[in-house]
Each structure stands twice: as structure tokens, then as C-alpha cells.
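Structure, as C-alpha cells:
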Amino acid sequence: MIHADKIPNLPWQDRKEGSSDIIWRYDNNPIIDKSFIPTANSIFNSAVVYRGGHFEGVFRCDNIEMQQNLYLGISDDGIHWDIEPTPLNLYKPDTDEIIGQARGYDPRVCLIDGRYIVTWCNNYYGPTIGIAYSTDFRKFYQLENAFLPFNRNGVMFPRKIGGKYCMMSRPSDNGHTPFGDIFLSQSPDLEHWGYHRHVMGAGGGWSWTKIGAGPIPIETDEGWLLIYHGVATTCSGMIYSMGGAILDLEHPWEVKYRCKPYIMHPEEIYERVGDVPNVVFPCAMLCDGETGRLAIYYGAADTVVGLAFAHIDEIMDYIKKNSD
Ligand code: BMA
């Protein structure tokens, strides 16, 4: 059983006849490019949620000064988006005082106990995990950064586990980190984080350099479905693929299954060519609780946003069959 609400208007396209792909791409990819924001150089690794019959998102846009900022967007169908032309403002908790615009990158958005929690790669003497919350997806209140620098890929779980908020992250360096495992930290209040646990290490042919959690995990009776990115360094640079794993429900630092092959790899021209070639970088995944259909939003080549589809039961089976 999947613990996900119904999303009757989930973006969807059937798998092509004759294809046995476990994840398949939307025909009209990329769905978002730089034309959506006037001063954009690129719009990519971005997060999307379903809210009251429509879709809302927090988008990463690097502008033509190559500054990385977060922007809000809205859509009726999850495919055609209106993105605001200026970066999102962050407020001091429960006040009308603006702290500043949301600087940073690679947002994730998690609905938990009625609040939308945005986690992203913020800057505090280097990359670390920023957190803000909102109840209306308009006004976002920023909390203290979760961790010490350097850290990237902060990904929350959509419910408290053992009475605590849980977040995965990937301790890193200040540059293009040549290492990295997924860890999990716990908090009673989204402000004080501890009880750190190791979840998974880099390893295997396509993810031997580093790994990082992708979308907010989806809860099923068999465990949390985790989609993550894994990186291999080659003689001409890094290649970012997607992998899948299933984590224990009540001890999510315990990996029940980890799929040995990647589940998606840069293949299309917009994934192969861009500001950073050969990148598929998943940041959001929506699941229709009724049909088990999945829509995965991913950044492609650090330049555009792509959409891909899968069936949750097929992905879970594939991970289990191809695990050690
Ligand atoms: C990571 C982050 C991502 C990016 C990836 C590939 O370190 O900066 O935003 O997609 O590198 O460049």
C-alpha cells in the first residue's frame, strides 16, 4: 500500500508500446527552460508539490549574472508553469519582516503536518542546508540553517519518525565534491539537529564518486521509496544518474534494498548537453495514491527541467529484484 493522496490531474503519459523502460520521459521534454524567467540563464533542479487541485513549485534559476536563486511557480496541470519573475522573499519566523531573497540552489519541498518545508543548498561560509516553512505557499519563514558547512542535498521525510523530524543530507566540500555519502539527522523542532546516522555510501560503477538523496521519499508498506542521484567521475567529467532504494519505515537509516543498476541515465540531448553535461538530477516526485503513477521532476544538464514517469509498484519490484 502507498501512503499518498489522490492526484487526479497528475501529469501522465503511458509508456511507449514495446518499451520495457522502468522510467520513461515525457515526449515534450524539457517542460521548462530559461524563457520562463526574463533574467534566467537556466532553470533546472526544482521541486514541485500538489496543493488544492493544482501544482506549486520552488524553482532553481541561475540568472545571467550566474547567481543562484529560488523562485515560486504555479501550474494547473504540472506541465505548463507560470514562474514569478523575481526571487522568493524569506521572512523572519511569524513576522512581516523580510530577511532577504532566497539565494541558493537545489530546493526540495516537503509537506509535513500542514506546513510546506523548503530545504535547499544555502550559503553560510560555503554550502549548507537552509530551511524555510510556509502554510500558504506564499510567505516562507526562514529558520536557522540545519547543519554546519559544507553540506548539500537536504531531503526531509514527510512525517515524523520516532517522534522526530528526519532529514537526509550529504556532507560535502566547498567545491565540486569528489566524495559523499547520504546521512540522516533528526530533530524535535526543525532547528536542533542530531542523532546522525549513516544511510548509504557511494559505490558501484555509476555512483562510485558520491550520492545524494533526490525527491522526498514516498511511504509504502514495504518501506520508503528513495530515488537518489549517483555520480561517476570519468576522464571527461562527472556523470549524474538516478538510482533507487527502499529504506526501513521506522529506522530509515537502514537500507532494505538498493538497486545495483541505475534507473535512469543521461541519454537525451538535453540531458547530455548544457551548462553541465550528462546530468539527470531528481528533486521532486509526485505519486497518485489511487493509481500508483509517479511523475518525477529532474534537472537536465544544469540547464532545463525534465519530467519522467513510472509506476511505483514496478519501480519497487525492480529495486528489489536488482538488489544484493
Ligand atoms: C551539484 C549541484 C547540482 C548540480 C550538479 C551537477 O554539485 O551543484 O546543482 O546539478 O552538481 O553540476
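Each ligand, and each atom within it, is numbered from 1 in the order the structure gives. Hydrogens, waters and symmetry mates are skipped; everything else that's a heavy atom, side chains included, is used.
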Between F281 and H229, ring centroids under 6.0 Å: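 Between H229 and F281, which both carry aromatic rings, the centre distance is below 6.0 Å.
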Nearest-0.5 Å distance, CD1 of residue I131 to CZ of residue F147: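 Going from CD1 on I131 over to CZ on F147, the span is 7.0 Å.
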From CA spacing to verdict: side-chain contact (heavy atoms from CB on, under 4.5 Å), W224, I161: CA-CA 12 Å; W224 296 99; I161 302 171; 3.7 Å; yes
Checking a contact table here: which protein heavy atom is nearest [atom], and how many Å away?
| atom | value |
| --- | --- |
| atom 10 (O) of ligand 1 | D302 OD1, 2.6 Å |
| atom 8 (O) of ligand 1 | Y105 CE1, 3.9 Å |
| atom 2 (C) of ligand 1 | D106 OD2, 3.5 Å |

Interfacing atoms of ligand 1 (cut-off 4.0 Å, heavy-atom, Y240):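 Answer for ligand 1: 1 (C), 5 (C), 6 (C), 7 (O), 11 (O).
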Ligand-side contact atoms (ligand 1) for residue partner F281, heavy atom cut-off under 4.0 Å: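 Within the 4.0 Å cut-off of F281, ligand 1 contributes 3 (C), 10 (O).
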K139 and D96 ion-paired at < 4.0 Å: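 Yes.
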Carboxylate-amine/guanidinium proximity below 4.0 Å for R159 and E250: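 Yes.
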Any H176 heavy atom less than 4.0 Å to ligand 1: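 No, H176 has no heavy atom closer than 4.0 Å to ligand 1.
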N41 vs D62, side chain to side chain donor-acceptor pair (under 3.5 Å): CA-CA, chis, key distance, verdict: CA-CA 6 Å; N41 165 77; D62 294 5; 5.3 Å; no
N45-ligand 1 polar pair, N/O distance under 3.5 Å: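 Yes, since at least one N or O of N45 sits under 3.5 Å from an N or O of ligand 1.
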